[in-house]
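To start, the structure itself, in structure tokens.
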Amino acid sequence: MRSIGRCCVIAAFAVLLPLAARANAPALPVTIGTGAELSAWKATPADGVSLALGSEPAVSGGALRLDFDFHGGGGYAVAHRAVSLDLPANYEFTFRVRGECPVNNLEFKLIDASGDNVWWVNQRDVEFTPVARAMTLKKRHISFAWGPQGGGEPRHVAAIEFAVTAGRGGRGSVWIEDLRLVPMPVPDTTRRAPVATASSNSGAAPRAVDGDPATAWASAPHD
């Protein structure tokens, strides 16, 4: 890019149009039952940790309740549910969470059919509140945790887990409700051509960004 002129009186700028734009209408959200389908959830706490699962009414129809006790130590309290979800090219998981317990960690995990490859979002030192708040986990927030696959993205999910892991530990309850898989539009990464305008000799402004080193923009002679 080149320009020729007296900088004190020349004003020229280039604007690069957005590289990502929403495209492709997404499918409808998939609701994954929480408290309304309690029998689908399984408690799998660590040794020395107590966990009881329950169901309570909620605005969205039902909340999964995790009553846990770390008994003065560490460990984890996991609620596991088998599912069969084919993940779209772009997506996010949404849910609402509340709790009455000390500050602890909240993990959300996706597990493949082998049961060995795990992707997760590990939110540390969560200050749970008695009023439910919405949480959104976008595709970019979910990372490979462990397993023989060694990385990559999840394609098919065979199980979902919520885990409360010991931060301060203690005992208490956490409620999860309205868990959904929401397909999202795929970002448009098509590169757009830059656009240039100038306050002087504006007709030649595109020459400054045409990619040709032999062309240039210059101000009008009296500018």
Side-chain angles (χ1 to χ4, degrees), residues 32-60 62-83 85 92-154 157-181:
I32 304 167
T34 48
E37 299 179 3
L38 180 61
S39 61
W41 293 89
K42 179 182 178 181
T44 57
D47 292 341
V49 178
S50 299
L51 173 63
L53 302 181
S55 177
E56 290 191 3
V59 174
S60 58
L64 174 67
R65 175 172 175 166
L66 291 76
D67 296 318
F68 60 87
D69 190 339
F70 289 103
H71 298 288
Y76 54 83
V78 175
H80 175 101
R81 174 171 179 157
V83 296
L85 298 173
E92 61 187 28
F93 284 91
T94 64
F95 58 91
R96 294 171 61 82
V97 61
R98 60 188 173 95
E100 296 177 1
C101 62
V103 173
N104 283 299
N105 307 322
L106 180 65
E107 300 174 0
F108 175 77
K109 290 183 275 189
L110 305 176
I111 305 170
D112 73 359
S114 72
D116 297 324
N117 295 296
V118 179
W119 291 259
W120 69 346
V121 177
N122 184 8
Q123 301 179 84
R124 298 185 179 276
D125 300 324
V126 176
E127 296 184 1
F128 296 94
T129 62
V131 178
R133 66 176 185 264
M135 302 196 75
T136 298
L137 306 179
K138 297 181 180 296
K139 177 183 177 180
R140 67 174 181 270
H141 298 150
I142 299 171
S143 61
F144 184 78
W146 60 80
Q149 181 169 312
E153 299 179 359
V157 178
I160 285 177
E161 290 184 348
F162 283 100
V164 179
T165 63
R168 296 182 184 175
R171 59 183 297 179
S173 300
V174 169
W175 291 261
I176 305 290
E177 62 182 270
D178 200 19
L179 173 61
R180 299 187 182 196
L181 167 61

message: I'd like to know if the side chain of Trp119 reaches the main chain of Gly152, judged simply by a donor and an acceptor atom lying under 3.5 Å from each other, with no hydrogens or angles considered.
response: yes
message: Checking side chain to side chain contact (heavy atoms under 4.5 Å, CB included) between Leu51 and each of Tyr76, Phe68, Phe70, which is the one that passes?
response: Phe68
statement: What one should report as the nearest heavy-atom pair of Ala77 and Val49 is CB-CG1, 4.2 Å
message: To the closest 0.5 Å, what do you measure between CZ (Arg81) and OG (Ser39)?
response: 8.0 Å
message: Are there over 12 heavy-atom neighbours, none belonging to Arg171, within less than 6.0 Å of that residue's CZ?
response: no
statement: Rounded to the nearest 0.5 angstrom, the CG-CG distance for Leu181 and Leu137 is 11.5 Å
- line: The reported gap from CZ in Phe95 to CZ in Phe108 (rounded to nearest 0.5 angstrom) is 6.5 Å
Heavy-atom closest pair, residues Asp116 and Pro148: CB-CD, 3.7 Å
field: Residue pair Met135 / Ile176, side-chain heavy-atom distance below 4.5 Å
entry: no
query: How far apart are the closest heavy atoms of Asp125 and Asn105, and which atoms are they?
result: N-OD1, 2.9 Å
- prompt: Roughly how far apart are Phe128 CZ and Trp175 CH2, rounded to 0.5 Å?
  reply: 11.0 Å
- prompt: Is any side-chain heavy atom of Ile111 closer than 4.5 Å to a side-chain heavy atom of Asn117?
  reply: no
- request: Might you work through the side chain to side chain contact (heavy atoms under 4.5 Å, CB included) test for Phe93 and Leu110, ending with a clear yes or no?
  value: CA-CA 11 Å; Phe93 284 91; Leu110 305 176; 3.9 Å; yes
message: Using modelled atom types and a 3.5 Å cut-off, is there a donor and acceptor pairing between side-chain atoms of Asn104 and backbone atoms of Arg168?
response: yes
statement: In terms of heavy-atom contacts, Gly170 and Pro102 come closest through CA-CG, 4.3 Å
query: Going by heavy atoms in the side chains, are Glu56 and Glu177 under 4.5 Å from each other?
result: no
task: Mind checking the CG-NZ spacing from Leu53 to Lys42? Nearest 0.5 Å is all I need.
output: 11.5 Å
message: Do Lys109 and His80 make a side-chain contact, defined as non-hydrogen atoms from C-beta onward lying under 4.5 Å apart?
response: no
- prompt: Closest approach of Leu64 and Ala79, non-hydrogen atoms and distance?
  reply: CD2-CB, 4.1 Å
- request: Drop me the distance from Asp69's CG to Cys101's SG, to the nearest 0.5 angstrom.
  value: 11.5 Å
- prompt: Are the side chain of Asp112 and the backbone N or O of Val157 linked by a donor-acceptor pair below 3.5 Å?
  reply: no
Val126 to Gln123 - nearest heavy-atom pair and separation: CG2-O, 3.4 Å
task: Apply the side chain to side chain contact (heavy atoms under 4.5 Å, CB included) test between Val97 and each candidate in Leu179, Asp178, Val174; give the one that qualifies.
output: Val174
query: Aromatic rings Trp146 and Trp120: how do their planes relate, parallel, tilted or perpendicular, breaks at 30° and 60°?
result: perpendicular
